[in-house]
Student: 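Sharing a structure below in structure tokens format, with a few things to ask.
All ligand and atom numbering here is 1-based and tracks the order in the structure.
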Amino acid sequence: MTDSTISHDKLARRGLLFILSSPSGAGKTTISRMLLGADEEIKLSVSATTRPPRAGEIDGVHYYFVDDAEFDRMVEEDDFYEWAPVFGHRYGTPKGRIRGALKEGQDFLFDIDWQGTQQLYQKDQQDVVRVFILPPSIAELERRLRSRGTDADDVIAARMERARAEISHWDAYDYVVINENVNACFAKVREILDAERMKRQRQTGLIPFVRELMN
Ligand SMILES: Nc1ncnc2c1ncn2[C@@H]1O[C@H](COP(=O)(O)OP(=O)(O)OP(=O)(O)O)[C@@H](O)[C@H]1O
Ligand SMILES: Nc1nc2c(ncn2[C@@H]2O[C@H](COP(=O)(O)O)[C@@H](O)[C@H]2O)c(=O)[nH]1
């Protein structure tokens, strides 16, 4: 390899907005955490929420926990890419510096619902990749919500009540993965991410690389 040759190991590419959605309890947070632990090139988009923290959740890591007044202020100041009411609380994606970072090749992971997915997709179709996680059955979905041990019975009942309505949005996603075995599901989600990174349009370094090949 001469000095002037462009290395193909790490061609420049544009980042992507990788969305995981599912009915509550299907496992998207579990898969998100596995992905963040295994892949240094993707960063969680930390949402703001008016929901109170669950045991073990850390402000600024899992969510920015804000009160209603703070959320109102963020809406008024146009701080959100998208926001939506979910299960009686409000959740939103802060703009942060996502746009600039995308150009530098940073990928972002979003654990958001179908309403937020629609809004992000309308704003930025070329960068968004939408993945929907389905549970293997409704009974297993309820078992998972109970086994998580983080929500009271009435909260679980409300989430189960909404599950069918959420599942009805499955066909607005690019990929659908059934989470029966968590490792198998994680492997499929990783394959999707890897393949999406390889898309020609995202590989901005290809143009100079090919130009040099042809010269
Ligand atoms: N394939 C699986 N098999 C068995 N249990 C699983 C599987 N995937 C996730 N779980 C468990 O199910 C529970 C719910 O998972 P998780 O919190 O990831 O769901 P979620 O879709 O993010 O829910 P929410 O939208 O409410 O945040 C957790 O206790 C998790 O450990
Ligand atoms: N539209 C958005 N939805 C979001 C966002 N952050 C999380 N969520 C979704 O809310 C429900 C409930 O989450 P939980 O942590 O209370 O169980 C779940 O479907 C999340 O995906 C957001 O910023 N925007």
Student: Any side-chain donor-acceptor pair under 3.5 Å between Ser21 and Asp113?
Tutor: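 No, Asp113 and Ser21 have no side-chain donor paired with an acceptor closer than 3.5 Å.
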
Student: Treating Gln115 as the side-chain partner and Pro85 as the backbone partner, does any N or O pair qualify as donor plus acceptor under 3.5 Å?
Tutor: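 Checked: pair present.
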
Student: Quick one: which ligand 2 atoms are inside 4.0 Å of a heavy atom on Thr93?
Tutor: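 This gives 23 (O) as the contact atoms.
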
Student: Side chain, backbone, both or neither: which part of Arg159 comes within less than 4.0 Å of ligand 1 when only heavy atoms are counted?
Tutor: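 The part of Arg159 near ligand 1 is the side chain, not the backbone.
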
Student: Tell me which one of Thr150, Val86, Leu145 gets a heavy atom nearest to atom 10 (O) of ligand 2.
Tutor: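 Ranked by closest heavy atom to atom 10 (O) of ligand 2, first place is Val86.
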
Student: Please report whether ligand 1 has a polar contact with Arg148, defined as an N or O pair separated by less than 3.5 Å (distance criterion only).
Tutor: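 The answer is yes, given that Arg148 and ligand 1 share an N or O pair closer than 3.5 Å.
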
Student: Could you see which bit of Lys28 sits under 4.0 Å from ligand 2, with heavy atoms only: side chain, backbone, both or neither?
Tutor: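 It is the side chain that gets close, since no backbone atom is under 4.0 Å.
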
Student: Could you check atom 3 (N) of ligand 1 against the protein and tell me its nearest heavy-atom contact, residue, atom and distance included?
Tutor: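 The answer is Arg144 NH2, 3.2 Å.
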
Student: Atom 30 (C) of ligand 1: which protein heavy atom is closest, and how many Å away?
Tutor: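 The closest heavy atom on the protein side is Thr30 OG1, 3.5 Å.
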
Student: I need the nearest protein heavy-atom contact for atom 25 (O) of ligand 1: residue, atom name and distance, please.
Tutor: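 Its nearest protein heavy-atom neighbour is Lys28 NZ, 2.4 Å.
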
Student: Check for me whether the distance between the ring centres of Phe71 and Phe80 falls short of 6.0 Å.
Tutor: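 Yes, ring centres under 6.0 Å apart.
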
Student: Which option out of Ser32, Gly27, Ser22 puts a heavy atom nearest to atom 19 (O) of ligand 1?
Tutor: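 Checking each option, the heavy atom nearest atom 19 (O) of ligand 1 is found in Gly27.
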
Student: Is the closest heavy atom of Gly92 to ligand 2 under 4.0 Å?
Tutor: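 In this structure, Gly92 qualifies as a contact of ligand 2 - some heavy atom is under 4.0 Å.
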
Student: For ligand 2, which part of Glu57 has a heavy atom less than 4.0 Å away: the side chain, the backbone, both, or neither?
Tutor: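 It is neither part, as no heavy atom is under 4.0 Å.
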
Student: Would you indicate whether the side-chain heavy atoms of Ile19 and Leu109 approach each other to under 4.5 Å?
Tutor: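 Contact flag for Leu109/Ile19 side chains = no.
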
Student: Give the atoms of ligand 2, by number and element, whose distance to some non-hydrogen atom of Arg51 is under 4.0 Å.
Tutor: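 The list of qualifying atoms is 14 (P), 15 (O), 16 (O).
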
Student: Could you tell me the separation between the CG atom of Leu141 and the CD atom of Glu166, rounded to the nearest 0.5 Å?
Tutor: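 Taking CG in Leu141 and CD in Glu166, the distance rounds to 9.0 Å.
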
Student: Is the positively charged end of Arg51 above the ring of Tyr91, judged by distance under 6.0 angstrom from the centroid and angle within 45° of the axis?
Tutor: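 No - Arg51 does not lie over the ring of Tyr91 by the 6.0 Å and 45° rule.
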
Student: Could you list the atoms of ligand 2 found under 4.0 angstrom from a heavy atom of Ala84?
Tutor: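 Contacts of ligand 2 toward Ala84, numbered from 1: 1 (N).
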
Student: Heavy-atom contacts under 4.0 Å between Arg159 and ligand 2: side chain, backbone, both, or neither?
Tutor: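 Answer for Arg159: side chain.
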
Student: Nearest protein heavy-atom contact for atom 26 (O) of ligand 1: which residue, which atom, what distance?
Tutor: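 Here the nearest protein heavy atom works out to Ser24 OG, 2.6 Å.
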
Student: Can you tell me the protein heavy atom closest to atom 22 (O) of ligand 1 and the distance?
Tutor: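 Nearest protein contact, heavy atoms only, for atom 22 (O) of ligand 1 is Thr29 OG1, 2.4 Å.
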
Student: When you measure from atom 7 (C) of ligand 2 to each heavy atom in Asp113, Asp151, Asp111, Ile19, which option holds the nearest one?
Tutor: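 Nearest option to atom 7 (C) of ligand 2, by heavy atoms: Asp111.
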
Student: Could you check whether Arg130 makes a cation-pi contact with Tyr121, meaning its NZ or CZ is under 6.0 Å from the centre of the six-membered ring and within 45° of the ring axis?
Tutor: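 Satisfied, under 6.0 Å and within 45°.
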
Student: Under a plain distance cut-off of 3.5 Å, with no hydrogens placed, do Tyr173 and Thr117 share a side-chain donor-acceptor pair?
Tutor: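 Short answer, yes.
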
Student: So that I can tick it off, tell me whether Glu41 and Arg13 are bridged by a salt bridge, with the cut-off set at under 4.0 angstrom between side-chain N and carboxylate O.
Tutor: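 So Arg13 pairs with Glu41 through a salt bridge.
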
Student: Test your reading of the model: is there a side-chain donor-acceptor pair from Thr204 to the backbone of Ala12, 3.5 Å cut-off?
Tutor: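 Confirmed, Thr204 side chain pairs with Ala12 backbone.
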
Student: Can you list the atoms of ligand 2 that are under 4.0 Å from a heavy atom of Gly116?
Tutor: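 Heavy-atom distances to Gly116 below 4.0 Å select 1 (N).
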
Student: Considering the options Arg202, Lys43, Arg197, which one meets the side-chain hydrogen bond (donor to acceptor under 3.5 Å, both in side chains) requirement together with Asp107?
Tutor: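 That would be Arg197; it is the only one of Arg202, Lys43, Arg197 passing the side-chain hydrogen bond (donor to acceptor under 3.5 Å, both in side chains) with Asp107.
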
Student: How many angstroms lie between CE in Met160 and CD1 in Ile138, if you round to the nearest 0.5 Å?
Tutor: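 Those atoms lie 5.0 Å apart.
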
Student: Give yes if a backbone or side-chain nitrogen or oxygen of Gly25 is under 3.5 Å from a nitrogen or oxygen of ligand 1, and no if not.
Tutor: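 Between Gly25 and ligand 1, an N or O pair is found under 3.5 Å apart.
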
Student: Identify the closest protein heavy atom to atom 8 (N) of ligand 1: which residue and atom is it, and at what distance?
Tutor: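 Result: Asn179 ND2, 3.1 Å.
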
Student: Quick test of your reading: applying side chain to side chain donor-acceptor pair (under 3.5 Å), list the pairs with at least one residue in residues 179-194, sequence neighbours left out, ordered by first then second residue.
Tutor: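 Listed by first then second residue: nothing to list.
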
Student: With a 4.0 Å cut-off on heavy atoms, does His62 reach ligand 2?
Tutor: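 Judged by the 4.0 Å heavy-atom criterion, His62 does not count as contacting ligand 2.
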
Student: Under 4.0 Å between a Lys/Arg side-chain N and an Asp/Glu carboxylate O for Arg73 and Glu76?
Tutor: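 Salt bridge absent between Arg73 and Glu76.
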
Student: Checking contacts here: is it the side chain or the backbone of Pro23 that comes within 4.0 Å of ligand 1, counting heavy atoms only? Could be both or neither.
Tutor: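 Backbone only.
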
Student: Between ligand 2 and Tyr63, can you find any atom pair, the residue atom being a heavy atom, that is separated by under 4.0 Å?
Tutor: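 It does, in that a heavy atom of Tyr63 comes within the 4.0 Å cut-off of ligand 2.
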
Student: Nearest to atom 5 (C) of ligand 2, what protein heavy atom do you find, and at what distance?
Tutor: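 It is Tyr91 CB, 3.4 Å.
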
Student: State whether the shortest distance between N or O atoms of Arg148 and N or O atoms of ligand 2 falls below 3.5 angstrom.
Tutor: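 In fact, backbone or side chain, Arg148 has no N or O that close.
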
Student: Please write down residue, atom name and distance for the protein heavy atom closest to atom 6 (N) of ligand 2.
Tutor: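 Closest protein heavy atom to atom 6 (N) of ligand 2: Ser47 OG, 3.2 Å.
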
Student: Please answer: with hydrophobic residues joined when any side-chain heavy atoms are less than 4.5 Å apart, are Phe186 and Val129 in the same cluster?
Tutor: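 Yes, one cluster joins them.
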
Student: Thinking salt bridges, do Asp151 and Arg146 make one under a 4.0 Å N-O criterion?
Tutor: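 Looking at Asp151 and Arg146, the cut-off is not met.
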
Student: Looking at ligand 2, is there an atom of it that comes within less than 4.0 Å of some heavy atom belonging to His89?
Tutor: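 His89 does not count as a contact of ligand 2 under the 4.0 Å cut-off.
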
Student: Nearest 0.5 Å, please: how far is CG in Leu193 from CD in Glu196?
Tutor: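 Those atoms lie 8.5 Å apart.
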
Student: I'd like to know whether ligand 2 has Glu82 as a neighbour, heavy-atom separation below 4.0 Å.
Tutor: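 Under 4.0 Å: yes for Glu82.
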
Student: Would you mind running through ligand 1 and noting each atom that sits below 4.0 Å from a heavy atom of Glu180?
Tutor: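 Near Glu180, meaning under 4.0 Å from one of its heavy atoms, ligand 1 has 1 (N), 2 (C), 3 (N).
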
